[in-house]
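Worksheet for the structure shown next.
All chains are named by letter (A, B, ...) in the order of the sequence lines, taking the proteins before the strands, and each is independently numbered beginning at 1. Just so you know, these numbers come straight off a predicted model, no measurement behind them.
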Protein chains: 2
Amino acid sequence: MPRQADHDQRRHQIAEAVWRLAARRGLEDVTLRQVAAEAGVSVRLIQYYFGSRDALLLKALEILNHDAQLRARARVEALDDANTPRGVVRGVLMEMLPMDEERRTRHLVHVAYFVRFLWDENLAPIAAEAPPELERLLADLITWGQREGQVPADLDPLPEAEILLATADGLQTTVLLRQRTPEQALALLDRQLDRLFSAAPAPTRTPAPTPTPESPEAP
Amino acid sequence: MPRQADHDQRRHQIAEAVWRLAARRGLEDVTLRQVAAEAGVSVRLIQYYFGSRDALLLKALEILNHDAQLRARARVEALDDANTPRGVVRGVLMEMLPMDEERRTRHLVHVAYFVRFLWDENLAPIAAEAPPELERLLADLITWGQREGQVPADLDPLPEAEILLATADGLQTTVLLRQRTPEQALALLDRQLDRLFSAAPAPTRTPAPTPTPESPEAP
DNA sequence: CTCTTATTGATACGATCGAACCATAACCGA
DNA sequence: TCGGTTATGGTTCGATCGTATCAATAAGAG
């Protein structure tokens, strides 16, 4: 077999160019020529690796999500308080916020694809899979918090998880529009978490929920 | 002066075509020819009324927002419980949810424009004005609720308003993606409102905040 | 009736799009 | 060394884009 290039690396390089263009100007500017220029390759190479433009958009999104999942998992596991329910919940929600350029680009790409999710049947399943997974994950973490006595036992974990996720998603929008800093959004999320993890942080099982008033926090 | 047409009506007709196309397929499909076909007019007419495509996109969005504000105000004022703080807050938040085709289209248009808000300096101010206004409005309503003794007095109205708005916005996303019905989203919002309006609904001033545990609710 | 002008329609032009085709350089097993 | 597969670049083609130009229509004032 003749000279072999690292296909995955090549594909990744081109996919990154797609992300940058989509985040900067929207899908309208993700043309084969622009992607080629941004990635520093020829148009022909993009066709060689991805085929059509539709396939490129699809693959670039798949690579983005795959990448994001790996990085997110690593970040959550590297948290200082990865052994407390609240710490992990906070870490997961922080992945919804554009805390750095990587996450900002990722979310902008998702916004750029958004309308397409609704009519492109190849893209639809990709958009559909993530949220239910995250809801279940958060619900499990809240249940863990209840077992640890940090979350009031009478709360329903799944709806609470759904609300947390929606709140983080809504905060994300404002951060992307630069109407809030990531830190301000995180402070609001912490306030919401204060309400959820309102029971006494007992080291042993304390099934008696003792509601405490939340502490005010500067936005 | 020769025959006169209703300019505003004409502009509105064309703007509606822009909205439908943007909501259906994204800004990529908002071409002059497509808009002309969708509105049932000629390309020349669009140029006559709006000039360039950029001006069309800008004007169509302005008309959308102007329309939306009128309709939203009318809907909120027509509410059954427009005389209670909670009722008005709920009404305002419902405007964030795609409760009908009109609001669904409106929010989809906003999503389609989203990335453009970040680099088109003509569009940026339009996106920037609405959220702070809504936050102040909701904060005032919460303060009203505190005066009525329905909202715990120790809560900070502005951050609470910000969280409510973010939650509604996040729920909106899932409804647009048809991962939730508007009714399910509204049920989650009501759960959040239960937590905020947790004091006794006293007809007279009851400044003593008595925290009560929230009642579970089916999603 | 007619003339003027607001309003609408059809067409043309240069640019750019996605896609396809052809050519060639790089590489490795034989 | 050589043959053939793999990887890359350059160019062309028809379609469609936004925009500009050229006409035609319709209606009210005189």
Would you mind reading off the distance between [X] atom [atom1] and [N] atom [atom2], rounded to a whole angstrom?
X: D8(A); N: dA7(D); atom1: CG; atom2: P; answer: 12 Å
X: D29(B); N: dG18(D); atom1: CG; atom2: P; answer: 10 Å
X: L57(B); N: dC17(D); atom1: CG; atom2: P; answer: 14 Å
X: R25(B); N: dC17(D); atom1: CZ; atom2: P; answer: 13 Å
X: L45(A); N: dA26(C); atom1: CG; atom2: P; answer: 15 Å
X: Y49(B); N: dT8(C); atom1: OH; atom2: P; answer: 4 Å
X: R10(B); N: dA6(C); atom1: CZ; atom2: P; answer: 17 Å
X: Q13(B); N: dT8(C); atom1: CD; atom2: C1'; answer: 13 Å

Quiz prompt | Phosphate-side-chain proximity, Y48(A) and dA7(D), N/O vs OP1/OP2 below 4.0 Å | solution =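 Answer is yes, contact under 4.0 Å.
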
Quiz item: Are OP1 or OP2 of dT6(D) and a side-chain N or O of H7(A) less than 4.0 angstrom apart?
Solution: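 It does not, given that no N or O in the side chain of H7(A) lies less than 4.0 Å from OP1 or OP2 of dT6(D).
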
Quiz item: What residues, two or more places apart in sequence or in another chain, satisfy side chain to side chain donor-acceptor pair (under 3.5 Å) together with R116(A)?
Solution: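 Expected list: D120(A).
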
Self-check item: Partners meeting side chain to side chain donor-acceptor pair (under 3.5 Å) with E95(B) (sequence neighbours left out)
Solution: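 Side chain to side chain donor-acceptor pair (under 3.5 Å) list for E95(B), sorted by chain: R75(B), R103(B), R106(B).
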
Practice problem: Only pairs at least two apart or in different chains count here, so list each ring pair (Phe, Tyr, Trp, His ring centres under 6.0 Å) that has a residue in residues 125-144 of chain A. | Solution: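 Qualifying pairs, neighbours excluded: none.
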
Which residues share a side chain to side chain contact (heavy atoms under 4.5 Å, CB included) with [X], sequence neighbours left out:
X: R104(B); result: L118(A), P98(B), E101(B), L108(B), L176(B), R178(B)
X: H66(A); result: L70(A)
X: A60(B); result: A15(B), V18(B), W19(B), Y113(B)

Quiz item: Would you call E28(A) and R53(B) a salt bridge, using N to O less than 4.0 angstrom?
Solution: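 Result for this pair is yes, salt bridge flagged.
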
Quiz item: Pairing of DNA chain C as dot-bracket, 5' to 3': ( ) intra-strand, [ ] crossing, | other strand, . unpaired, with Watson-Crick or G-U pairs under 3.5 Å?
Solution: ||||||||||||||||||||||||||||||

Exercise. Can you sort out the partners of E38(A) under salt bridge (charged side-chain N to carboxylate O under 4.0 Å, His left out), two or more places apart, ordered by chain and number?
Key: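 Testing E38(A) for salt bridge (charged side-chain N to carboxylate O under 4.0 Å, His left out), a comparison that skips the adjacent residues, returns R20(A), R24(A).
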
Exercise. For each nucleotide in nucleotides 14-20 of chain C, reading 5' to 3', give B when a protein heavy atom comes within less than 4.0 Å of its base, S when such contact involves only the sugar-phosphate, and - otherwise.
Key: ---BBBB

Exercise. Determine the interplanar angle of the F117(A) and H110(A) rings, folded into 0 to 90°, and report it as parallel if under 30°, tilted if 30 to 60°, perpendicular if over 60°.
Key: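 Ring orientation, 0 to 90° scale: tilted.
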
